Number of protein chains: 2
Amino acid sequence: MVNVGKRSGRPRAGEERLSREAILTAALRIVDDEGIDALTMRRLAATLQVNPMSLYHHLPNKAAVLAGLAELVFAGLELPDPGDAVPWDEQLKEAARAYRNGLRQHPNLALQVLSDTSAVSDVVVVTMEPFYLALDRAGLSPRQIFEAANTLIDFIHGFSLGEASVRAQTFELAPDLLTRVRALPADKAPTLTRIVDGLGVEGLAYDFDDGFESGLSTLTAGIAATARRR
Amino acid sequence: MVNVGKRSGRPRAGEERLSREAILTAALRIVDDEGIDALTMRRLAATLQVNPMSLYHHLPNKAAVLAGLAELVFAGLELPDPGDAVPWDEQLKEAARAYRNGLRQHPNLALQVLSDTSAVSDVVVVTMEPFYLALDRAGLSPRQIFEAANTLIDFIHGFSLGEASVRAQTFELAPDLLTRVRALPADKAPTLTRIVDGLGVEGLAYDFDDGFESGLSTLTAGIAATARRR
DNA sequence: TCCTAATCCATACGTTGTACGATTATGTAC
DNA sequence: GTACATAATCGTACAACGTATGGATTAGGA
């Protein structure tokens, strides 16, 4: 087989074609556009117009690609710090909102990002600084700050996971919790049924933004109570 | 090739037969013992001493197997209700502890369980009843109960995800957050570094149980504050 | 000019999920 | 009993996957 239109071997000086970054960027685009299952090494190589095996020079295997994507998403997080201009709880909420928004940018990757512990690199650790900054002003002990930050982050993770799970499936959307509860036989979960019915008409559709804000308020109130008890 | 020891075609009346339940049970065992990657249709069929294609008579595809496993885990949850004998917040905490413990039984499945929205079946919805029971006693509006329950569940999910991610990898355990922060250049995240250093020696290893309890206390305190403001 | 390392390509192997059709038993209608 | 639809299993086969191996080509330093 003769090489037509495509040369083998190391590319000439000016024509660098592959790099870890370029690969990850292309991979991110595929995942965002077509879902995580659409990401295969062959497909990835095709969009880069390159032989599949060329990828392995820059990344050891597919798991490394996924880990790289998780890292990329985290690195893309930008948590603006309003500083001492606002009360500590509002400062904390701002950081949380930014964190959630960052994760929302790539719903198809949420699962990968949130579960890849190897992605807990320096990048991620540094991301948490704004949370500590805000909590430090609340009058907590180091241990309390540590626990509070973890709790808040766990909440954001759980929330984002649920949000992403819903947003990720473009097809076959399952009935959400509210409609499902209404379809339930009344004696299976009486209290649940009564409460959900009591929500009224405006509560028919679940609003993720409202849910997140509500969670943030509950958490900051709980943290404030902890601070007061000290 | 001659059939030795195994006949083709429909089994005779008294003969051992396949069923959705038997398949899922075997699948759960494989996942628990060897991880989610060990679960292949061929491997599953082999442990059942059956042809791989036989599985497809009871389940449409592998995704259905995984969804079935998620459902199975949820169905296995048993949230004991201490009733009115204890204060509402302790009642709520008990439900939360049981929920977390249920998810812990199958760390290799946590990812699947927590992300599979199609598993949000009646089984799962009913599981939430104890949370509503407890919250109903706290003096909240229906809307507040609804939001509080979601917040608590999101926290448990996020927490369980982190816990499972750590417990699932038997190999290549990454350094945890604490040791990683200590290895950080001091100027990258000064507050974070200072707080973690202030944790003292006893805080060297992260204790999941303590972390969970701390989160529960923060959340119940926050919910109590919401109730008071009503 | 030669050497080494970088970069990419071609081929190939084992494994995966599962489509398709054949095979054998069961349950029902006559 | 006989005929027939249906249920349950199996055998074969295929396309797609991740990637091991080894070879080709070139850049850049000695």
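Just so we're clear, the structure is a prediction, and the values are computed from it rather than from any experiment.
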*Asks:* Write out a two-atom table: protein N or O, nucleotide N or O from nucleotides 13-17 of chain C, distance below 3.5 Å.
*Replies:*
residue : atom : partner : partner atom : Å
C:dG17  : OP1  : B:K62   : NZ           : 2.6
C:dG17  : OP2  : B:M41   : N            : 3.0
C:dG17  : N7   : B:R42   : NH1          : 2.5
C:dG17  : O6   : B:R42   : NH1          : 3.4
C:dG17  : O6   : B:R42   : NH2          : 3.1

*Asks:* Salt bridge or not for B:R97 and B:E213, using N-O below 4.0 Å?
*Replies:*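 Answer for the salt bridge query: yes.
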*Asks:* CG of B:L55 versus P of D:dC10: gap in Å, rounded?
*Replies:*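 Rounded to whole Å, this separation is 9 Å.
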*Asks:* Within less than 4.0 Å of OP1 or OP2 of C:dC9, is there a side-chain N or O belonging to A:S54?
*Replies:*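 True: A:S54 side-chain N/O within range (under 4.0 Å) of C:dC9 OP1/OP2.
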*Asks:* Which whole-number value in Å describes the distance from A:M53 CE to D:dG18 C1'?
*Replies:*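 Roughly 9 Å, once rounded to whole Å.
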*Asks:* So does B:N51 get a side-chain nitrogen or oxygen closer than 4.0 Å to the phosphate oxygens (OP1/OP2) of D:dT9?
*Replies:*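 Negative; the distance criterion is not met.
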*Asks:* With sequence neighbours excluded, what pairs up with B:E21 under the salt bridge (Lys or Arg N to Asp or Glu O under 4.0 Å) test?
*Replies:*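 In terms of salt bridge (Lys or Arg N to Asp or Glu O under 4.0 Å), with neighbours along the sequence ignored, B:E21 is linked to no residue.
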*Asks:* Establish, with yes or no, whether the OP1 or OP2 oxygen of C:dT7 is under 4.0 angstrom from a side-chain nitrogen or oxygen of A:H57.
*Replies:*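 Affirmative; the distance criterion is met.
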*Asks:* Could you tell me which residues satisfy salt bridge (Lys or Arg N to Asp or Glu O under 4.0 Å) with B:D37, sequence neighbours excluded, listed by chain and number?
*Replies:*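 Salt bridge (Lys or Arg N to Asp or Glu O under 4.0 Å) check on B:D37 returns nothing, list empty.
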*Asks:* Atom CG of A:L66 to atom C1' of D:dC17: distance rounded to whole Å?
*Replies:*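 For the pair A:L66 CG and D:dC17 C1', the rounded distance is 14 Å.
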*Asks:* Can you name the residues that form a side-chain contact (heavy atoms from CB on, under 4.5 Å) with A:A110, not counting sequence neighbours?
*Replies:*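 With neighbours one apart ignored, the set is A:A164.
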*Asks:* With sequence neighbours left out, what residues match B:E129 under side-chain contact (heavy atoms from CB on, under 4.5 Å)?
*Replies:*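 For B:E129, the residues satisfying side-chain contact (heavy atoms from CB on, under 4.5 Å) (neighbours in sequence not counted) are A:A189, A:P190, A:T191, A:L192, B:L133.
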*Asks:* Atom CG of B:L44 and atom P of C:dT18: how far apart are they, to the nearest Å?
*Replies:*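 Spelled out: CG on B:L44 to P on C:dT18 is 12 Å.
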*Asks:* Rounded to the Å, how far apart are A:I36 CD1 and D:dG18 P?
*Replies:*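 Computing the A:I36:CD1 to D:dG18:P distance gives 12 Å.
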*Asks:* Only counting residues at least two apart or in another chain, list the ones meeting side-chain contact (heavy atoms from CB on, under 4.5 Å) with A:T40.
*Replies:*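 Applying side-chain contact (heavy atoms from CB on, under 4.5 Å) to A:T40 gives A:R42, A:R43.
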